[in-house]
Each structure stands twice: as structure tokens, then as C-alpha cells.
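Here the structure is laid out as C-alpha cells; the discussion comes afterwards.
Numbering of ligands and ligand atoms starts at 1, following listing order.
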Amino acid sequence: MGGGRIKTLREGLREAAKADPVGKPEMGWPQNLPERFKTRRLEVGNAVTEALGVASADKVRKGEWALFGVGFFDAPQVIVLTMERLFMELAVMDVGAVALALMLLAHGKGLGTCPQVASLRYPWVFHEVLGIPETQRVMLVIPIGYPVDEAPANRFARTRVSSDECLTWVGIAPGKD
Ligand SMILES: Cc1cc2nc3c(=O)[nH]c(=O)nc-3n(C[C@H](O)[C@H](O)[C@H](O)COP(=O)(O)O)c2cc1C
């Protein structure tokens, strides 16, 4: 979806986020994350804003960046993935598979994508602007466009947790007897 409707959507989302940073997500939103997840999220967030030249104590500019993100980082197009509510949690995996397929296809065509959940704090804006029936839930948005590789936010050094931290090998592990 692009053109005029994306403008209406992005403006509606930014207005909603300005009025209420917490929103009212219609999906379970993680609360009271364990410290290791909180720390990691903070580290990644700070790495991005640092790359943008924003001091970690600069709440105003950090807030502006968050609003920019809620409006899909001004991407020219956005893919909005929805799911029938009655499919419940099981079909979340299907949505994830579709999302990955779309992102790989886009990448193959030289396009960049950025899966996002931040704007899902304001589901009513999607329902209203896009006419999504209440029988469906908005699951994921994927802004899409030609990547600007030299943009600071696309150039910061990513840290990754090691595979040992998120994978459990049962049986034959690589490099082990
Ligand atoms: C399900 C999902 C939701 C995400 N939501 C957001 C988001 O709301 N805002 C954001 O800036 N990044 C979000 N991200 C992270 C980015 O889309 C991206 O995956 C991350 O920056 C890692 O990019 P990299 O692989 O280039 O390091 C999300 C990622 C996933 C997989």
C-alpha cells in the first residue's frame, strides 16, 4: 500500500503515538521483560540513536526517532499483514513464514524491508484507514523501499547473541562427538 493512504496512515499513527506512547495493542504485548531482554533491547536502541548522533540522555530526539519509526521511517510503501482473529496463536507461525518469504522476495529485487510491531500499539488506526474488518488482527507491518545504505541508521554495527545463547542442540551437535 502506498500513495495517499500511506500518508493518512502514517499521520494517524504518529498522532496516536504522540497522544499516548503506550497505546492499546490488540495482541499480547510483553510486560516485565527479564533483565537480559530489556538490556539487549536498550543496547540495540542506543546503538541506532548513537549512529544518528543522538545522545543517550536526549529523550526529546529519541522520542522523535520513535515517532519516525511509528510512521514506517517514511518508507514509500508498507505491507500490512493481517490474520483472522479466530485462527488464534497457531497461525502466527504462518504469518511469520509469509513475512519472511515477502522480505526475501523483496531483497531479491534489490528492495529493503524492516518488519515492525511498534505501530501495532494503535490498531484502530489501521482498521479505520484501511477498512480492515474487526474479524482480523493486524499482525505485522513491513515498510518497503529501495534501501539507502549510507543512511546512519543502516550503518551501525550490530551485535548478535551467539547461537549458543538461543539454540539448544539435542543429540549430535556440530563439532562435538
Ligand atoms: C517481528 C519483528 C518486529 C520488529 N519490530 C520493530 C519495530 O517495531 N521497530 C523497529 O525499528 N524495528 C523492529 N524490528 C527490528 C527490525 O525490523 C530489524 O529486524 C532489526 O533492526 C535487525 O536488522 P538487521 O538484521 O539489519 O540488524 C522488528 C523485528 C522483528 C523480527
Is there at least one pair of N or O atoms, one from [X] and one from ligand 1, spaced under 3.5 Å apart?
| X | value |
| --- | --- |
| F73 | no |
| L140 | no |
| P115 | yes |

Quiz item: Does ligand 1 have any atom sitting under 4.0 Å from a heavy atom of M139?
Solution: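 The answer is no, since M139 has no heavy atom less than 4.0 Å from ligand 1.
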Quiz item: Should G69 be listed as contacting ligand 1, given a heavy-atom distance under 4.0 Å as the test?
Solution: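 So G69 does not count as touching ligand 1.
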Quiz prompt | Heavy-atom pair of closest approach, residues P25 and V22 | solution =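 Shortest heavy-atom separation between P25 and V22 comes out as CD-O, 4.0 Å.
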Quiz item: When rounded to the nearest 0.5 angstrom, what distance separates CD in E64 from CG in D58?
Solution: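 The CG atom of D58 is 8.0 Å from CD of E64, to the nearest 0.5 Å.
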Quiz item: According to a 4.5 Å side-chain heavy-atom criterion applied to Ile, Leu, Val, Met, Phe, Trp and Tyr, with indirect links allowed, do M103 and V138 form part of one hydrophobic cluster?
Solution: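 Yes, M103 and V138 fall within the same hydrophobic cluster.
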Quiz item: According to a 4.5 Å side-chain heavy-atom criterion applied to Ile, Leu, Val, Met, Phe, Trp and Tyr, with indirect links allowed, do V117 and L42 form part of one hydrophobic cluster?
Solution: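 No; tracing contacts between hydrophobic side chains, which count when under 4.5 Å, never links both residues.
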Exercise. State, without any angle test, whether T159 and R40 hold a side-chain donor-acceptor pair at a distance under 3.5 Å.
Key: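 Result is yes, a qualifying pair exists.
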Quiz prompt | Protein contact of atom 5 (N) of ligand 1 - nearest heavy atom, named by residue and atom, plus distance | solution =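 Minimum-distance protein heavy atom for atom 5 (N) of ligand 1 reads V117 N, 3.0 Å.
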Exercise. Looking only at protein heavy atoms, identify the closest one to atom 22 (C) of ligand 1 and say how far it is in Å.
Key: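 Its nearest protein heavy-atom neighbour is R160 NH1, 4.5 Å.
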Considering only protein heavy atoms, determine whether one is less than 4.0 Å from [atom].
| atom | answer |
| --- | --- |
| atom 11 (O) of ligand 1 | yes |
| atom 7 (C) of ligand 1 | yes |
| atom 20 (C) of ligand 1 | no |

Practice problem: Start with the C-alpha distance between W124 and Y122, add both sets of side-chain angles, then the distance that settles ring-ring contact (aromatic ring centres under 6.0 Å, His included), and finish with yes or no. | Solution: CA-CA 6 Å; W124 64 92; Y122 315 100; 5.8 Å; yes
Quiz prompt | ligand 1 atoms in contact with R158 (distance to a heavy atom under 4.0 Å) | solution =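 Reading through ligand 1 atom by atom, the close ones are 24 (P), 26 (O), 27 (O).
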Quiz prompt | Ring-face cation of R158 near F156 (centre distance under 6.0 Å, axis angle within 45°) | solution =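 Yes, R158 and F156 form such a contact.
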Quiz item: When you check the gap from the basic side-chain N to the acidic O, do R14 and E11 get nearer than 4.0 Å?
Solution: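 No, R14 and E11 are not salt-bridged.
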